[in-house]
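Residue numbers begin at 1 in each chain, while the letters A, B, ... track the order of the sequences. Values reported hereafter were calculated over all heavy atoms of this structure, with side chains retained and with hydrogens, waters and symmetry mates removed.
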Amino acid sequence: MFQFIVRRLIQTIPVLIGVTILTFSMVRLIPGDPAQIMAGESASQEQIELTRERLGLNDPLPVQYFDYVSGVVTGDLGNSIRNGRPVADEIKVRIGTTVSLAFYSTLLSVFLGIIFGVFAAVRRGKLSDTLVMIAALFGLSMPNFWLGLILIQYFAIGRDVLFFNTGWFLASGWGTWQQMVLPVITLGTAGAAIIARMTRSSMLEVIDQDYIRTARAKGVKERIVVYRHALKNALIPVVTVVGLQFGALLGGAVITENVFAINGLGRLMVGAINSRDFPIVQSGVLVFAFLFVFVNIMVDVIYRLLNKRIDLN
Amino acid sequence: MVKATDILDQEPILEVKDLQTSFFTDKFEVKAVDGVNFAVPKGKTLGIVGESGSGKSITSLSILRLIQNPGKIIGGEILFKGENILKKSEAEMRKIRGNEISMIFQEPMTSLNPVYTVGQQISESFMIHQNMSKKEAMKRSAEMLELVGIPSPKQRVKQYPHELSGGMRQRVMIAIALACDPELLIADEPTTALDVTIQAQILELMKDLQDRLGMSIIMITHDLGVVAETCDYVAVMYMGKVVEYAKVRDVFKNPKHPYTVGLLNSLPRHDIDLGDVELQVIEGSVPSPDNLPKGCRFAPRCPFATELCHEKLPDLEQSDNGNQIRCWIYTDEWDGDQEVDVSAKRTT
Ligand SMILES: Nc1ncnc2c1ncn2[C@@H]1O[C@H](COP(=O)(O)OP(=O)(O)OP(=O)(O)O)[C@@H](O)[C@H]1O
Ligand SMILES: [Mg+2]
């Protein structure tokens, strides 16, 4: 297993190189003078020249790329145009927030998705199955920002229902649980819907397999047949979906952070895009890409732990 | 109507009476098992033979009450040690499955759970039915693997099904089935998916284990050669019904039902040199379930069929030599040639 993880990490090197090439080219491919772009729109001629010097923009491209990558590796990502602070610091203070938002949302997606998926599969064709699947379709098609606004409207601002008000949660910030509930639901719902649908169809396939009949023939309780014998097999394809889903989740995090005024990477990025703060945008993309790659390695590890048919070496 | 137990020399451990199991598809009802009668004597082996689709597997799954939607047991009785299994609760059934009645399935390649080790899958039976601890169960699992002839069992228990060959997997299935010393073992074509040398080994193993453990076996097969080698009694099934039920010796020596004769004619014999005799196939094919013959199910393919056969369904009756046969020829109502000799059609 250890060997596998190491091998998998080595395999990501080309991907990471690809990502750095992309972010590196980002600044250089958009129309205009890269020094001007990186120095910001209001920069003076002097500042622009200084930036050109600092970024080594007069050097040949391979040298520039090498400088850029060594900067990334040593944590030197340049300075923000807006406030002049090191980009690395700006990211460092926010990355925890975004990662925890993504983590709790994924947790919610997986938890609800599996529970409802199994529930629907076990009740195949019944009314409750249909209802769950309709709900999943809703969850899937609801835009993130809209769901967020609705939740704020009903559960942060609140409505008077009989004798109590439903404004239980907070609509902005990140830290206390009252602040975390609504954003996590907002971000996790679509994933939960996808995972529920996937779990259901995967369970239905597995439950007809010969080895499930074998388990029943041994006298195993139906509940254990479902959760021990069927679910573990059914989760194998679901795990891959969770990995792919994480990309969409990061995109959703950008929107969710803005709706709920959460000071995370997504909000930082949107602000940076609006003010053309290119060093931040460039590094933000890089961090998101790294996160995605890292999560997918974890998913691969879990996949292999579940699926014994795959030879680890 | 005759009683299946009439032809037994031993006490029955299982008696199936007029069992009916149907599948309800959108358009019509498929009567997969349509009034099946047979009994299994204690400590002996009953063979069930018949072409593909004759209802052998569904009969055995019905005995364990493992029929899944859209299938349903709609009638009859299954008496196991005198008690009707069909009347038992689901919890009572679970105590029987894998403990008193076990089953080996037709598909060794897919009948083991791919994500659990062989040891875990055998252990489960011990843990459910004998309240063993995990460790103890694992030790017993290794012993079971040894019993079914798998070399280096201590290493094998830790392996996953995909690491084993088909023959090995079927041995593991046998180990699971035998774990709790069942009184009745249902083996649904245990060797069909395996190659010939392995087939012989597995059959040998089962016979050997029966001698040692004294269990009763239902051996399902479409191979009369296997029946001749391993069974004491045999029930020949055709389209969800038993058409002939007798001692193995009587069926081979003196088959009565035209379908049985047909089956025998399609069986190569090794004991006598037949010279140039060609193996025969039974003409025609099994009718589709939505277009069942009105009379005897075999009439459309039967060389002796008369108008009576096409019009009315015969009952299972006792013939003078003891075989139970579902055929008009052996009844007083027979409207064809009174001197007809079905066994004369035998070519092998
Ligand atoms: N799920 C199902 N839905 C509808 N019909 C079914 C279903 N399962 C079985 N049947 C029907 O039941 C009949 C008997 O099937 P069964 O599996 O018992 O045959 P078998 O004698 O075991 O054949 P084989 O030798 O191929 O194993 C078949 O004709 C089949 O069409
Ligand atoms: Mg079968």
Side-chain angles (χ1 to χ4, degrees), chain A residues 1 4 114 118 120-130 199-200 202-240 300-313, chain B residues 57 60-61 63-70 90-118 120-130 158-163 169 172-173 175-177 179-180 182 185-186 188 193:
Chain A
M1 194 73 215
F4 165 73
I114 290 175
V118 171
V122 170
R123 286 164 185 75
R124 154 171 43 175
K126 299 211 172 101
L127 181 66
S128 45
D129 171 24
T130 314
T199 305
R200 177 181 179 273
S202 181
M203 273 300 277
L204 287 183
E205 209 169 285
V206 167
I207 212 81
D208 283 336
Q209 296 293 312
D210 292 334
Y211 54 81
I212 296 299
R213 191 182 55 192
T214 305
R216 292 196 177 113
K218 276 194 273 190
V220 176
K221 284 199 182 98
E222 192 59 24
R223 191 167 45 84
I224 297 180
V225 169
V226 169
Y227 286 100
R228 237 179 83 85
H229 289 266
L231 186 57
K232 194 166 175 192
N233 282 285
L235 283 185
I236 293 170
V238 173
V239 170
T240 25
D300 267 12
V301 170
I302 297 173
Y303 185 81
R304 255 139 242 255
L305 282 178
L306 279 175
N307 194 349
K308 305 300 186 199
R309 272 164 298 193
I310 292 195
D311 198 356
L312 288 181
N313 306 306
Chain B
S57 296
S60 46
L61 286 171
I63 293 171
L64 278 175
R65 284 203 8 219
L66 286 175
I67 299 292
Q68 298 293 310
N69 267 334
E90 196 37 43
E92 286 173 314
M93 267 326 284
R94 280 201 302 268
K95 289 209 185 89
I96 292 177
R97 292 184 195 128
N99 190 26
E100 294 177 69
I101 306 178
S102 286
M103 185 156 172
I104 305 169
F105 295 98
Q106 204 168 342
E107 306 85 2
M109 299 312 279
T110 51
S111 289
L112 290 169
N113 196 326
V115 300
Y116 291 108
T117 63
V118 163
Q120 285 172 319
Q121 297 187 56
I122 307 174
S123 295
E124 198 172 20
S125 294
F126 289 120
M127 285 153 69
I128 294 172
H129 298 297
Q130 302 184 354
K158 294 186 201 117
Q159 289 188 324
Y160 289 91
H162 74 268
E163 298 172 76
R169 287 188 213 186
V172 171
M173 285 301 294
I176 291 176
C180 299
L185 175 69
I186 304 173
D188 189 358

Around atom CD of B:E92, are there more than 12 heavy atoms of other residues, nucleotides or ligands at under 6.0 Å?
-> yes
Does the side chain of B:I128 come within less than 4.5 Å of A:V220's, by heavy atoms?
-> yes
For A:T214 against B:S111, the heavy-atom pair lying closest together = OG1-O, 2.6 Å
Looking at B:E107, B:E163, B:M103, B:E124, which has the largest count of heavy-atom pairs under 4.5 Å with chain A?
-> B:E124
Nearest-0.5 Å distance that lies between atom [atom1] in [X] and atom [atom2] in [Y]:
X	Y	atom1	atom2	value
B:Y116	A:N233	OH	CG	7.5 Å
A:D210	B:Q106	CG	CD	9.0 Å
A:Q209	B:L112	CD	CG	12.5 Å

For A:S128, enumerate each residue passing the side-chain contact (heavy atoms from CB on, under 4.5 Å) test, keeping only those at least two apart in sequence or located in another chain.
-> A:F119, A:R123, A:K126
Using the test side-chain contact (heavy atoms from CB on, under 4.5 Å), find all partners of B:R65 that sit at least two apart in sequence or belong to another chain.
-> B:I73, B:I85, B:L86, B:K88, B:E90, B:M93, B:R97
Contact class of A:I236 relative to chain B, heavy atoms under 4.5 angstrom | side chain
Flag the one option from A:R228, A:E222, A:K232, A:R213 with the top tally of heavy-atom pairs under 4.5 Å to chain B.
-> A:R213
What part of B:N99 is in contact with chain A, defined as an atom under 4.5 angstrom from a non-hydrogen atom: side chain, backbone, both or neither?
-> neither
Quick one: what part of B:I96 sits under 4.5 Å from any heavy atom of chain A, side chain, backbone, both or neither?
-> neither
